[in-house]
K.L.:
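Pasting in a structure now, in structure tokens, and then I'll have a few things to ask.
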Amino acid sequence: MLSLLCQRPVVSSSIPRTARGYVVSVKQPRIYEGKPTPRRYGVQKTFLYNQYTRMLAASDNSPIIFLQHTNFSVQRLQMLRRDIAAANTKFSVSLSSPTPAAVEAGAPSLSVMRTSLFGVALRDFAPLDTDKSDQIAALVKGSLAVLTLPSFNPPQLDAILRALDRSVPPKKPNAEQAKPMKPQDDPNFIPGRKMQRVRPVLTPELVVMGALIEGRVFGMEEVRDVSKLPTLDTLRAQIVGLLSSPAVQLAAVLSEASGGKLARTLEGLKKGLEESQGAEASL
């Protein structure tokens with residue numbers, strides 16, 4: 001009896017391939033007779049619903065990256081989170097930025113989502129219109145994970161995307177999973193003896209499906225393009241440079257016209273006016 005009490009509970013170390021999955025649906029729910037409307041959720045589902053609603057509400061300042069994951073074990077997800085944290089601490093700012101020194105940034109968060117509850121939160125979230133909700137729902141085609149960033153910082157996003165590509169390399173097109181061996185194909189098979197069970201080696205896959213950044217929905221390729229943008233400080237410096245360039249050119253002309261060059265500048269202006277007047281008189 002004591003030995004049974006001391007045994008540890010068996011915890012699944014991987015997400016089963018036959019796990020029940022749902023698509024993100026933003027359609028209005030069916031109304032059944034005898035059931036309360038709106039639907040009442042339990043404590044756990046209510047907590048997840050509120051968490052997803054807060055995540056969508058913060059998307060104006062905190063970008064949301066939608067990821068499709070397959071064949072991930074718990075240990076592999078923990079390793080992926082460590083890789084994301086390491087990339088977040090090592091990302092570098094472009095030297096063209098006015099502040100090229102390292103900038104302290106918040107930690108990104110990776111969460112595995114319940115697609116059915118996320119669809120309900122997406123449908124009930126008022127600031128998003130129906131078109132944007134449908135676009136987000138169309139991005140999800142399987143198991144969903146969400147990567148939230150503390151703020152919109154393209155260098156940080158680019159560093160994390162590159163870390164995801166290194167941690168989970170894209171699957172080769174012709175790569176196939178090894179099929180389990182049948183007993184008659186095993187040369188060491190002995191009739192009447194139970195064959196030793198061999199777990200198949202599953203290759204994890206991770207695909208960036210899209211993003212919700214500042215109220216706009218981006219597709220797979222558009223997320224990569226957004227990550228290549230410069231920082232906001234760099235863009236501001238470029239705009240200031242464009243606006244101040246005419247004044248700099250005028251100051252350069254005036255500096256060249258100072259002193260002895262002023263007479264030659266005025267003489268050249270006089271000749272130019274005389275030539276233009278002569279051309280108009282000949283016409």
Side-chain angles (χ1 to χ4, degrees), residues 15-31 38-39 41 45-46 48-72 77 80 84 108-154 156-158 160-165 167-173 203-229:
I15 302 174
R17 299 185 66 186
T18 58
R20 189 176 180 182
Y22 300 90
V23 296
V24 175
S25 176
V26 293
K27 298 180 180 179
Q28 294 297 327
R30 296 180 181 180
I31 300 177
R39 181 179 175 181
Y41 295 102
K45 290 186 177 180
T46 302
L48 292 176
Y49 175 83
N50 294 332
Q51 179 183 0
Y52 298 162
T53 303
R54 290 193 300 268
M55 185 185 301
L56 292 172
S59 61
D60 290 340
N61 299 321
S62 301
I64 301 177
I65 312 300
F66 302 105
L67 306 172
Q68 179 180 338
H69 65 90
T70 310
N71 297 332
F72 266 87
L77 282 174
L80 181 61
I84 293 174
S109 175
L110 178 65
S111 305
V112 178
M113 309 290 285
R114 293 278 296 271
T115 52
S116 57
L117 287 176
F118 181 70
V120 176
L122 190 63
R123 180 189 63 211
D124 297 342
F125 188 63
L128 285 179
D129 55 16
T130 307
D131 294 337
K132 293 181 180 179
S133 300
D134 292 337
Q135 292 176 10
I136 296 175
L139 294 175
V140 182
K141 299 180 181 179
S143 302
L144 175 64
V146 163
L147 176 65
T148 56
L149 304 179
S151 61
F152 177 53
N153 193 333
Q156 181 187 24
L157 176 60
D158 182 59
I160 293 177
L161 291 179
R162 287 188 282 110
L164 294 179
D165 294 337
S167 180
V168 188
K171 185 179 179 181
K172 297 181 180 179
T203 304
E205 299 179 34
L206 189 68
V207 182
V208 178
M209 303 304 297
L212 177 63
I213 303 175
E214 296 182 353
R216 295 183 57 187
V217 182
F218 294 88
M220 184 185 307
E221 299 297 333
E222 294 173 342
V223 175
R224 304 282 180 177
D225 296 338
V226 169
S227 65
K228 303 300 181 183
L229 293 175

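Position 1 is the first residue of the sequence, and the numbers go up from there.
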K.L.:
Kindly say whether A163 contributes a backbone atom to a donor-acceptor pair with the side chain of S167 at under 3.5 angstrom?
P.N.:
no

K.L.:
Can you list the steps and then say if V120 with F125 is a side chain to side chain contact (heavy atoms under 4.5 Å, CB included)?
P.N.:
CA-CA 9 Å; V120 176; F125 188 63; over 6 Å; no

K.L.:
For M209 versus L67, what's the shortest heavy-atom pair and its separation?
P.N.:
CG-C, 4.4 Å

K.L.:
To the nearest 0.5 angstrom, please state how far the CG atom of L157 sits from the CD1 atom of I213.
P.N.:
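Interatomic distance, L157 CG to I213 CD1, rounded to 0.5 Å: 6.0 Å.
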
K.L.:
Determine the minimum heavy-atom distance between T115 and G142, stating which atoms define it.
P.N.:
CG2-O, 4.1 Å

K.L.:
Taking all heavy atoms of L128 and all of L212, pick out the closest pair and write down the distance.
P.N.:
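The answer is CD1-CD2, 4.3 Å.
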
K.L.:
Could you tell me the separation between the CG atom of N153 and the OG atom of S227, rounded to the nearest 0.5 Å?
P.N.:
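One gets 11.5 Å once the value is rounded to the nearest 0.5 Å.
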
K.L.:
Would you say L80 and L164 make side-chain contact, with heavy atoms under 4.5 Å?
P.N.:
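Yes; the side chains approach each other to less than 4.5 Å.
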
K.L.:
Test L77 against V112 for side chain to side chain contact (heavy atoms under 4.5 Å, CB included), laying out the working first.
P.N.:
CA-CA 9 Å; L77 282 174; V112 178; 4.1 Å; yes

K.L.:
Could you state the interatomic distance from CG (L149) to CD1 (I64), rounded to the nearest 0.5 Å?
P.N.:
9.5 Å

K.L.:
Under a 4.5 Å cut-off applied to non-hydrogen side-chain atoms, are V207 and M220 in contact?
P.N.:
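With C-beta onward as the side chain, the pair touches.
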
K.L.:
Short question: side chain of D158, backbone of P154 - any donor-acceptor pair under 3.5 Å?
P.N.:
no

K.L.:
Quick one: does any side-chain atom of S62 pair with a main-chain N or O of P150 as donor and acceptor, under 3.5 Å?
P.N.:
yes

K.L.:
For residues D124 and T53, determine if any side-chain heavy atom of one lies less than 4.5 Å from a side-chain heavy atom of the other.
P.N.:
no

K.L.:
Using side chain to side chain contact (heavy atoms under 4.5 Å, CB included) as the criterion, list what pairs up with R216, not counting sequence neighbours.
P.N.:
F218

K.L.:
What distance separates E214 CD from S59 OG, expressed to the nearest 0.5 Å?
P.N.:
9.5 Å

K.L.:
With a 3.5 Å distance limit and no angle check, can you tell me whether Y52 reaches the backbone of R114 through a side-chain donor-acceptor pair?
P.N.:
yes

K.L.:
Please report the interatomic distance NZ(K45) to OG(S116), rounded to the nearest 0.5 Å.
P.N.:
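With rounding to 0.5 Å, NZ (K45) is 6.5 Å from OG (S116).
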
K.L.:
Does atom CZ of R123 have more than 12 heavy-atom neighbours, drawn from other residues, nucleotides or ligands, at distances under 6.0 Å?
P.N.:
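Atom CZ in R123 is packed in, count exceeds 12.
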
K.L.:
Between A211 and L139, which heavy-atom pair has the shortest distance, and what is it?
P.N.:
N-CD1, 4.4 Å

K.L.:
Which pair of non-hydrogen atoms, one from S151 and one from Q156, has the smallest distance, and what is that distance?
P.N.:
O-OE1, 4.0 Å

K.L.:
Return the minimal non-hydrogen interatomic distance between D165 and R224, and the atom names on each side.
P.N.:
OD2-NH1, 3.0 Å

K.L.:
Could you go step by step and tell me if V226 and F152 meet the side chain to side chain contact (heavy atoms under 4.5 Å, CB included) rule?
P.N.:
CA-CA 10 Å; V226 169; F152 177 53; 3.5 Å; yes

K.L.:
Please examine the side chains of S143 and T70, heavy atoms only from C-beta on, and report whether any two atoms are closer than 4.5 Å.
P.N.:
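No - every pair of side-chain heavy atoms lies 4.5 Å or more apart.
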
K.L.:
Taking the side chain as every heavy atom from C-beta outward, state whether F118 and I136 have any atom pair closer than 4.5 Å.
P.N.:
yes

K.L.:
Just do the side chain to side chain contact (heavy atoms under 4.5 Å, CB included) check on L206 and F72 with the steps written out, would you?
P.N.:
CA-CA 9 Å; L206 189 68; F72 266 87; 4.2 Å; yes

K.L.:
V146 versus M55: any side-chain heavy-atom pair under 4.5 Å?
P.N.:
yes

K.L.:
Can you tell me how far CG of D129 sits from CD of Q135, rounded to the nearest 0.5 angstrom?
P.N.:
8.0 Å

